[in-house]
Structures are given as structure tokens and as C-alpha cells.
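Down below is the structure, laid out as C-alpha cells.
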Amino acid sequence: MQTITSYIHHIQQQSNNTQAKQLFAEYEAFPIPTKRLEDWKFKDTQDWFTSLYTFTPPSKITQQQLDAAIESLQFDALLVFENGLYHNSFSRPNSIASAITNDFEADIPHCTNKFECASLIGAQSGAAIHVAAKHEKQHVLIVSFFQGNQSYSLQKNRIYVHADSHIIITELQISLSDEPIRINHSVSIKCMQKSSCEYTSVQHLGSKTELIQTISCLQEQESTCTISNFPISGAYVRTNVYVDKIAPHSHAFLHGFFFPAAQEHFETYVEAIHNAPECETHQLYQGIAKDTGIGVFSGKLHVAREAQKTNTTQNNKNILLSKTAKIHSKPQLEIYADDVSCTHGSTTGQIDNEALWYMQTRGISREAATKLLLKGFITDVISKVSNESVKNAIMKALENKL
Amino acid sequence: MLTIKDLHVSIDGKEILKGVNLTVNPGEIHAIMGPNGSGKSTLSNVIAGRDVFEVTQGEISFLGKNILPLTPEDRACEGIFLAFQYPVEIPGVSMTNFMKAAIEAKHAYHGTTPPSAGEFLQMIKEKQQLVGMSQSLTGRAVNEGFSGGEKKKNDIFQMAMLDPKLAILDETDSGLDIDALKTVAEGVNTLKTNDKAFIVITHYQRLLDYIIPDFVHVLHDGKIVKSGDKSLALELEEKGYDWIK
């Protein structure tokens, strides 16, 4: 058992790779996130750095568990991981999707936060998806399982989508037990010219599992990137979405739905950087909170001086179902260009009583009307997921929570 | 069919209805007129079961059954329909899902078998034609982005689908242009049969040119102060409500 810092310190010392050393320097430079830092103020994560963990617990998953997880889903390739390690026998890789074998690749981006640094240094494996130029669209399913008392799982998924090619990726993150588990994942996507990538991340985690992940995407000219995240269950799930546009006409569609219930705490932090002109980013994040659940949405948009004719929208709508549930919403715009269209809006309210009354006068019970209304609210976001089988599975999981 | 006896209703301690008596028989159309604030909308909401209003005295029976203890949804299933002054927009809920839930609820209440998916779609098609509602509207979310006229027409379409025994039209004419008014009135006239009754609540006589009432009641300060036939509406139009006070 050791701390995350001593674990990754050991890895970078063993490695001859200069990149590992550079990443570790970056890791050291980031302060440990405390509630005094604006971007970390809703959850104390200091404990992540002081606790002692097991990093590679013995494998436990069974074929039945995998079958149950992927039942009803359609895909072209399947990559299975357990506590960050690739499962050869359960996976069905193909020519574009396999596991990372070499530790460090040439163009690893700089990390955007301390957790991402740790995962880039410490993860031994992850999905490696290379979509060659002009490759036709496939659906790659990544299933990542977690188990082990006081375990800490690190994983890095690397996705390269070459010019004129397209890919759809879905990652399911599943806890196999209710033991205290911590997960730190990073996903690096590079969309080259005229390519498109849709990445959907879904969490089915145990009541003591905490997950922090960073999904970052670097976009070249005329590329399209769609990133959606749906935390279904877990003690704490934080997704950082980071989109960086370096060439004109690159567009991003960022969506998410969070539904914290009981003691759950779900956060989504989005940052879209517009460094090139005529790019678009459209954010749609919605939440429902009940019991003592906590939801956080923070969306930041940065438009550089040269990014003229930027067109962005940002929309966050939330519904509180109890007096003790909380949702914090923080839409932010930072604009240095003077010819842009950037809209943002955030609403948090209760369920619409007028709509319930209207439905009741049509014979629909208050309970059924509430469900219908919330289902409609969820559908707004879920409809953005393009794979039907994934869309239905997420809808079903969220409906079960109503 | 509907009997209201000495109905007193208050909201937040303020008495709005101060002893309303009304009897509606099958096949009849009753118009309730009155100035702003006389309690017209309160009366329609109380019959439909809105719980923000407190019934302090009196009774409402429908088809011989005391409906005061019933929830709004149970009253709807019993056959009472309320067309809204301002139909509510419900984003994310499609018209089809909304109607399906309503029809299924009604069948569940009566213990009957709901229509199959095919029968249901056929029914939507027929009723749409009946009330002259365009097909594109049923594919959309309930009332979302509908014009004022489309919303009212949608309420009449829902009435056709649910086939109530008593329909209350709460100021259905407000905000409608003359063409939309005619379409709504035509819808009501098409649905009218000998075993159905209508209560039409309105400010103006205008709507009653198209929906001819059998009885006209004037509500003033929480009481029905005058009742008569359709000529009463014309008289009111001419003399104004001051005449009645």
C-alpha cells in the first residue's frame, strides 16, 4: 500500500522516458486541490493524495459479469479492462481498437490538472484507438471494471482519428463491489482534419466508489468532436471535459446528464478553448437532484483574440426534487475577440406544477405525470447520443432512478 | 349530470365563491359569463379538482357521485374535461406519449382494455381530422412552440380523444382570432351529442354566436346572480355587466 504520489514517483524514476519526467514535474507543480481552489470547492479531494492504496488487486471478473454489462449493446470492437489493466481473453479488438502497449507516446498533451498528470504517468494500460484516414464509422465499446478494497485504478485511453475518418466510442465504467475504490482516468482524443469523434462516458459505480476523469480533445481544422457523460451511480463522479481548437471550423458538441440521489455527488467541469476563428461549441448539460444529492456544473468558454466569428451556446437546466438536494451551476465566458456570438443560460427550479395540473386534468396521476415530465427532460440530452443501443441503455438506467 | 349545491370556495382564506348553485343535464350547453374576478375560472378549476382551492361548504356531484374527495385525475377518468384558458407547454413530452398515457390511465381506471398501438394511431388520425388539427402538431412536444390558436385546437383534439361526458371550456376564446374561434367552435359542435354536456366560460358574447348555449348564467362576486337563455348574453353585450350589479 502506498500513496499515489509515491507510486507515480517510482514509475517515472524507473522510466528512461523524458516525457514521464516532464509530466511528473507538471504533477508536482499543480497544488493539491483543496476546497479553497475555485474549481475544487464543492468536494474535498485532499484525501486522494494522503491515503494508502492497492494499485493492482488480483483479477476477479467473470464472463457472466461482462455479459450482463454489455447485454443489449451493439458494437464493432470490445476492449475490456479491470482496474486499469487490459483483459485479453474477454476483449474483441480489431484493426483500429486495441490496448496501449508502449508506456508513453510522442505527442502526449500537457495535462490540465493534477489528476490527469497522475493518470498519464501511472496508468499501465488503456484503450488505444487509431482510426486510419478515410476509415468508415465503427462503434468501439470500452468496458472498465473496478474492484478491490482501498484500490486505486489508473487508466489512459488514447484516441487518434485521422483525416476524413469517423468513430463512435462508448466507455462503461462499472464497480463490481461496494468496497472503497478510487478511479483516476484520462482520455486524450486527437481529431485531425475533417474527422469526427463521438465519445460517451457512462458510470455505474458502487456506493463507495469515487471517480475523477479528464476527457480532453485537440481539434484540427473542420473536425467535429462530441463528448457526453452520464454518471448513473457512484459516491462521487467528477468529469473534466477539455476541448482545445487549434484550427478554424472545428466544432464541438458537449452534453451531459447528472442525476444524483441519496448521498451521491456528481460534477462536470467543462472548458472549451477557442484559439482559431469560425469554430463552434455547443454545450447542453441538465441535471435532476433528489434526496441529499449534489450536482455541479461549471462550464467555461475561452475565446482568444484571434478567434473571430466564434459561435457558441451553453445551456444548463436543472430540477430539484427535494428540499435537501443541491445543484451548483456556474456558466462562465471569457471573450477577447469582438465579433462573436456566445450565448449562455442556466436555470434551476422545481418541477412545473402547472404542467402536472394540466396532465392530471387529462386523467394522468400526479406520480405518472411527474415521471413523464422528468423522462421528457432527460430525453432532451439523451437524444444527442447517436448509437441507439447505448441511448436506450442510458435512458433505462436513468428511468430506474426516477 | 352535474349538480352544484351552495358551493363556497376560498383560497388563502379569501372567499371567492359564495354559494353557487348549478344543475347541468346531458345534452345541455351552459354558458357562464361575468366580469373579471367574479370567480368563473375558480369554478371551473374547482369542478376539475385543483387542490389550491379549499371547498369550505356545499357539494358537487357528478353522475350521482360526490366528486369532492376525488383527485383531479380520477375526476378526469370519471368523464370531466377542462379545456384551459392558457394550455400549458410541456417540453420533452411528445403529444403521442401524452395522449397514450391519458388513454391508458382512463382504461386502467375503468378496468377496460386500452387500444392497441395500431388502433391508437388510427384514433389519433381520425380525431385530428375531426377537429382540423394538422398532423405535424401531434409529432411535437405538448403545446411547445404552438401558436395561441394551435394550443386551443390541441385542447379540443384532446377532448375528442378522451371523449368526456362533461367538458368545461375555460375562456377558450381568449386570445383567439375569429378564424381560430370558428374552428374551435366547430370542433365543439361536432363533438356535441345528446349524452354530453358543455360548460362554456366566457367574457364575451362572441363565442356564443358559434356555440349556441341552452342556458346563460351570470356570475358576479362569487354567486350566480342571473340565469336565462341565449338572449341574456345579447342583453349583457349591449348593457355591460354594470346592469346586473
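Just so it is clear, the structure is predicted and the values come from calculations on it, not from any experiment. Atom set for the values below is all heavy atoms of this structure, side chains included, hydrogens, waters and symmetry mates excluded. Residue numbering restarts at 1 for every chain, and letters A, B, ... go by the order of the sequence lines.
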Item checked: Partner of A/Y358 under ring-ring contact (aromatic ring centres under 6.0 Å, His included), chosen from B/F81, B/F84, B/Y86 ->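 When B/F81, B/F84, B/Y86 are each tested with A/Y358, the ring-ring contact (aromatic ring centres under 6.0 Å, His included) holds only for B/F84.
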Which bit of [X] comes within less than 4.5 Å of chain A, counting heavy atoms only: side chain, backbone, both or neither?
X	answer
B/R75	neither
B/N143	side chain
B/P164	neither
B/L82	both
B/Y109	neither

Does atom [atom1] ([X]) have a neighbourhood of more than 12 heavy atoms from anything else shown, all under 6.0 Å?
X	atom1	value
B/D12	CG	no
A/Q263	CD	no
A/K401	NZ	yes
A/E367	CD	no
A/K290	NZ	yes
B/K100	NZ	no
A/K43	NZ	yes

Roughly how far apart are [X] [atom1] and [Y] [atom2], rounded to 0.5 Å?
X	Y	atom1	atom2	answer
B/M99	A/I364	CE	CD1	6.5 Å
B/D170	A/T361	CG	OG1	11.0 Å
A/K375	B/N97	NZ	CG	6.0 Å

Checklist line | A/A355 versus chain B, the contacting section by heavy-atom distance below 4.5 Å | finding: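 For A/A355, heavy atoms of backbone and side chain both lie under 4.5 Å from chain B.
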Next item on the list: Please examine the side chains of A/W357 and B/V88, heavy atoms only from C-beta on, and report whether any two atoms are closer than 4.5 Å.
Entry: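 Answer no - side chains too far apart.
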Notebook entry, point to check: Does A/R362 use its side chain to pair, donor to acceptor, with the backbone of B/E73 at less than 3.5 Å?
Noted result: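 No, the answer is negative, given that no donor and acceptor are paired below the 3.5 Å cut-off.
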Checklist line | Heavy-atom pair with the smallest gap, counting every atom of A/G363 and B/C77 | finding: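 Residues A/G363 and B/C77, closest heavy atoms: O-SG, 3.9 Å.
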Margin query: Which one wins on heavy-atom pair count under 4.5 Å against chain A: B/D51, B/I103, B/V93?
Written below: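 Winner by heavy-atom pair count: B/V93.
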Note to self: Please rank A/L373, A/D352, A/D380 by heavy-atom pairs under 4.5 Å with chain B and give me the top one.
What the structure shows: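 Top count of heavy-atom pairs under 4.5 Å with chain B: A/L373.
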